[in-house]
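Everything below concerns the one structure shown next.
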Amino acid sequence: MPATIEPYLVFAAILLILSVAVSKISDRFGIPALLLFLALGMLAGSDGPGGIYFDDPALAQSLGITALAIILFSGGLDTSWKSIRPVFKEGIVLATLGVLLTAILAGVFAHLVLKTTLLEGILLGAIMSSTDAAAVFAVLRSKGIHLAGRLKPLLELESGSNDPMAVFLTIGLTQLVVQPQQSIFQLVLLFFQQMALGVVFGIVAAKITLYLINRLQLGYSGLYPVLTLGTVFLTFSATNLLGGSGFLAVYLAGLLMGRQEFLHKRSLLRFYDGLAWLMQIGMFLTLGLLVFPSRLGQVALPGLAIALFLLVVARPLAVMVSLAWFRIRLPEKALVAWVGLRGAVPIILATYPRIMGLEQSDLIFNVVFFVVLTSVLLQGTTIPLVAERLGVKSEAPPETSYPIEYVSETEWKGILQETVIPPGSWAIGKPIYELGLPGNYLIVLISREGDFIIPSGSIVLQVGDKMLGLSEPHIHAQVEQMFRRSSD
């Protein structure tokens, strides 16, 4: 072992730089980034040219759980409540009943294929039951595909909220395998306890964090990310220690905070976006190091059978049953069923049986890793084609990146928001001074055909103009409603 830390830092830096570089491959060819990160970790491991021997599931689990807590908080913070509100019930049903049905169906099939006990098979199904929509959206974004209607917010909500259910089922079933004397009734009570405490602590954490951000008035803006990171770790660890679901608490805290305007919100969003990417890269590299590719060949045939059953039977059936009570078109249900992409969470959960000393733990881990790779290869590369064939694509205008940002240092709730001049609007062909805009609404910048225009009263508006305005949310809504009125 080297006497100084520099060799480790050099190696870590090379892996990080390579991970960022290979993300360009993901953007260009539509290959999910997580597959490339896992591949780098496997190449650096003991079976690859890197030759690093790493077989510490406890350390990998700790790193993965920490990374996942940050990723979930970041995902909640960046999720628009306005977009997920119409699909809230559907998303929660998918994240609970859908996960349970997937675990049972896949688990029974795994029991039959692998000749394990029924409980061990369902444990394997529970480990594979959560989805990773971040990888899905990365593929869609690389191909310039936008999902129509409520599909995108539904997938966002499901993926952000189904991890707590998968974690609960994995831990609970692992304990049942180790201690068969425990009753199912105790497991049900534990479920309601974890979910209830997770919701309560998530709400409390969001309120406390918002209060601290808006009231402390820190002298250095760089301290706000440090403050929120502290509250995230405190929320996650305290909730777990008190018997709740820490993953649910941090996701809900981020989701509730994202609904509000608070000091340095935009800079915090950027900070957590970058931190979430760092956590994903670190998590995937670590999990890639943990696996021994030479052992995957032993589970290739049963792993492929389980992966195909999960893709074409278990996930579709779970989705159809879960969404049977909701008015969602069959093509949309079919896409939701197909994009149940498996990510790093199942691999992290597969470390629990290894740590608790289950006899079949190595088999479970290798099968889960093989299923994740198969899911990424089959689903990740075909999502654009499936979305096109099902007719659920939509044309969305490219997002405009404005060279300006506003951070409120007071309690005033003003925000920067874009308003587009739609076809047929009465405002087309009129100069700004004739519009009669509210007195507390300020046009900061106008985007027209890729160029930016500094607004003045004589600027004549054209169809498709994007106005970046500064005002309070309800004023923005009034202005948007004004421009929707027809010239007739």
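Being a predicted model, the structure only gives us computed values, none of them experimental.
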(message) Can you tell me how the ring of Y224 sits relative to the ring of H264, calling it parallel under 30°, perpendicular over 60° and tilted otherwise?
(response) tilted

(request) Would you mind checking if E158 and K89 are paired as a salt bridge, meaning a charged N to carboxylate O distance below 4.0 Å? (result) no

(message) Salt bridge or not between E332 and R150? Use side-chain N to carboxylate O under 4.0 Å.
(response) no

(request) Starting from the C-alpha separation in whole Å, work towards a yes-or-no answer on side-chain hydrogen bond (donor to acceptor under 3.5 Å, both in side chains) for T131 and N162. (result) CA-CA 7 Å; T131 60; N162 65 10; 2.9 Å; yes

Distance (rounded to the nearest 0.5 Å) between [X] [atom1] and [Y] [atom2]:
X: T66; Y: Q61; atom1: OG1; atom2: CD; value: 10.0 Å
X: L289; Y: L40; atom1: CG; atom2: CG; value: 10.0 Å
X: I364; Y: T116; atom1: CD1; atom2: OG1; value: 7.5 Å
X: L242; Y: F201; atom1: CG; atom2: CZ; value: 4.5 Å
X: Y251; Y: S159; atom1: OH; atom2: OG; value: 6.5 Å

Is atom [atom1] of [X] surrounded by more than 12 heavy atoms (other residues, nucleotides or ligands) closer than 6.0 Å?
X: Y211; atom1: OH; answer: no
X: R329; atom1: CZ; answer: yes
X: L301; atom1: CG; answer: no

(message) Applying the side chain to side chain contact (heavy atoms under 4.5 Å, CB included) criterion to L154, which one of V87, I84, L335 satisfies it?
(response) V87

(message) Under the side chain to side chain contact (heavy atoms under 4.5 Å, CB included) test against I213, which residue among L263, T231, I208 passes?
(response)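 Of the listed options, the one satisfying the test is L263.
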
(message) Strictly distance-based, threshold 3.5 Å: is any side-chain N or O of S83 a donor or acceptor partner for the main-chain N or O of P153?
(response)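 Between the backbone of P153 and the side chain of S83 there is no qualifying donor-acceptor contact (under 3.5 Å).
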
(request) Mark yes or no for whether K265, through its side chain, and Q260, through its backbone, hold a donor-acceptor pair below 3.5 Å. (result) yes

(message) Taking the six-membered ring for Trp, are Y272 and F73 closer than 6.0 Å centroid to centroid?
(response) yes

